[in-house]
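Values below: every heavy atom of this structure, side chains too, minus hydrogens, waters and symmetry copies. Nothing fancy with the numbering, it's 1 onward along the sequence.
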Amino acid sequence: MPPSTSLDDGLLQPDEPPPVTVVNEAGAGRCLLLCDHAANRIPATLNGLGLSDDERARHIAWDIGALDLARRLSRQLDWPLVHSNYSRLVVDLNRPPQAPDLMAAHADGTIVAGNLDINAWERSRRLTQLFQPYHAAIEALLDARRWRGLVSLHSFTPAMNGQVRPWHIGVGALAASDWAARLTASLRAASALVIGQNVPYRIDVENDYAVPVHGDGRDLPAVLIEVRQDLLCDETQAAAAADALTHALRDCPPNLASK
């Protein structure tokens, strides 16, 4: 077993943000928003994982524009939001602890030197100090109220491994496939955006965490919504994407009876 670690092991410095932030905790909405890949920050103790500033600004380190979108939706829907404060390259919060890319050493053509040959102690330290507090905060919120659904927000790069992605928004789910289908239909009917279902990624229990664990694991309808990053880098387009999602989520609430 990996050796135990604690905050005394000093992954985070006293002046660095906590692992997780909760926004609009008292929001009246009965759905919870998650943003697992909200930040590209790397703890100072990890020396940038050996990456340049340009590499840390790329999509490999975070979901560009996703936090801004999540905050807009939290305000417009009055839903609570839980978001991360550290890069997915430090530890990917939407991966099970046993996933091979939990602390990826290679990301879309980039070698992440600080993740090569991670020992058991370092792996345990990141899980204990970043992964576990983030998911504990989500669990505490889910335990505290009667919820109707969960939405995990992400963004995706317009091109990956040389392949261009035509979709503007993707909607995915496992058990709550009916909710995902209704949201997809609503988005297609209300805008000229190209909406895909289960693209550019398909959710599965081996490689995803938020939807299978916090949603389906509690019999709580859960969907993952992804927006292409070029729609989130411009203020006008970002506002339009948020409005489209707000209308769809209001018009198509999760149906607990169908679960």
Margin query: Using the ring pair (Phe, Tyr, Trp, His ring centres under 6.0 Å) criterion, which residues pair with H135? Sequence neighbours excluded.
Written below: F131, Y209, H214

Note to self: The criterion is ring pair (Phe, Tyr, Trp, His ring centres under 6.0 Å); which residues satisfy it with H37, sequence neighbours excluded?
What the structure shows: H154

For [Y], does its backbone N or O pair with a side-chain atom of [X] as donor and acceptor, under 3.5 Å?
X: N40; Y: A61; value: no
X: T184; Y: A180; value: yes
X: N119; Y: E122; value: yes
X: D234; Y: T236; value: yes
X: T246; Y: A242; value: yes
X: H168; Y: V194; value: yes
X: W62; Y: A57; value: yes
X: N94; Y: D208; value: no
X: R182; Y: P253; value: yes
X: S74; Y: W79; value: yes

Checklist line | Steps toward side chain to side chain contact (heavy atoms under 4.5 Å, CB included) verdict (N24, R75) | finding: CA-CA 8 Å; N24 191 23; R75 289 193 301 269; over 6 Å; no

Taking atom [atom1] of [X] as the centre, does the number of heavy atoms from other residues, nucleotides or ligands within less than 6.0 Å exceed 12?
X: E25; atom1: CD; value: no
X: R202; atom1: CZ; value: no
X: L116; atom1: CG; value: yes
X: Q98; atom1: CD; value: yes
X: D117; atom1: CG; value: no

Within the 4.5 Å heavy-atom criterion, are [X] and [Y] side-chain neighbours or not?
X: D216; Y: V211; value: yes
X: W147; Y: L142; value: yes
X: W179; Y: L249; value: yes
X: V90; Y: I42; value: yes
X: Y86; Y: L12; value: yes
X: I64; Y: C233; value: yes
X: L127; Y: L102; value: yes
X: L89; Y: L51; value: yes

Considering all heavy atoms of both residues, which atom of [X] and which atom of [Y] are nearest to each other, and what is their separation?
X: I203; Y: L174; value: O-CD2, 3.4 Å
X: C35; Y: A70; value: CB-CB, 4.2 Å
X: G114; Y: I118; value: O-CG1, 4.1 Å
X: V199; Y: G196; value: CG2-CA, 3.4 Å
X: G170; Y: F156; value: N-CE2, 4.4 Å
X: R148; Y: P254; value: NE-O, 3.0 Å

Next item on the list: Run through L231, V227, D63 and flag the one making a side chain to side chain contact (heavy atoms under 4.5 Å, CB included) with L69.
Entry: V227

Note to self: As a test of understanding, state which of N85, V82, T21, V91 forms a side chain to side chain contact (heavy atoms under 4.5 Å, CB included) with Y134.
What the structure shows: V82

Going by atom types alone, do [X] and [Y] pair a side-chain donor with an acceptor below 3.5 Å?
X: N115; Y: R126; value: yes
X: R41; Y: S87; value: no
X: N255; Y: D178; value: no

Salt-bridge test for [X] and [Y]: reply yes if a basic N is under 4.0 Å from a carboxylate O, no otherwise.
X: R88; Y: D36; result: no
X: E139; Y: R218; result: yes
X: R58; Y: E55; result: no
X: E235; Y: R72; result: yes
X: R56; Y: D53; result: yes

Look up atom [atom1] in [X] and atom [atom2] in [Y], then write down how far apart they are to the nearest 0.5 Å.
X: L183; Y: D251; atom1: CG; atom2: CG; result: 9.5 Å
X: I225; Y: L73; atom1: CD1; atom2: CG; result: 7.5 Å
X: M103; Y: R95; atom1: CE; atom2: CZ; result: 13.0 Å
X: H59; Y: M160; atom1: NE2; atom2: CE; result: 5.0 Å
X: I60; Y: D108; atom1: CD1; atom2: CG; result: 7.5 Å
X: Q229; Y: T157; atom1: CD; atom2: OG1; result: 5.0 Å

Next item on the list: Among residues two or more places apart or on two chains, list those pairs meeting side-chain hydrogen bond (donor to acceptor under 3.5 Å, both in side chains) that have a residue in residues 190-201.
Entry: R165-Y201

Margin query: Is there a path of hydrophobic side-chain contacts, each under 4.5 Å between heavy atoms, that joins V171 and W167?
Written below: no

Margin query: Is there a side chain to side chain contact (heavy atoms under 4.5 Å, CB included) between T45 and E16? Walk through the geometry before answering.
Written below: CA-CA 11 Å; T45 55; E16 290 185 304; 5.7 Å; no

Note to self: What verdict does the side chain to side chain contact (heavy atoms under 4.5 Å, CB included) test give for I169 and E226, after you've listed the backbone C-alpha separation in whole Å, the side-chain angles of each residue and the deciding distance to 0.1 Å?
What the structure shows: CA-CA 6 Å; I169 299 175; E226 303 188 75; over 6 Å; no

Note to self: Run the side chain to side chain contact (heavy atoms under 4.5 Å, CB included) test on L245 and L187 for me, step by step, so that the C-alpha distance in whole Å, both residues' side-chain angles and the decisive distance to 0.1 Å come before the verdict.
What the structure shows: CA-CA 7 Å; L245 287 173; L187 287 164; 4.1 Å; yes

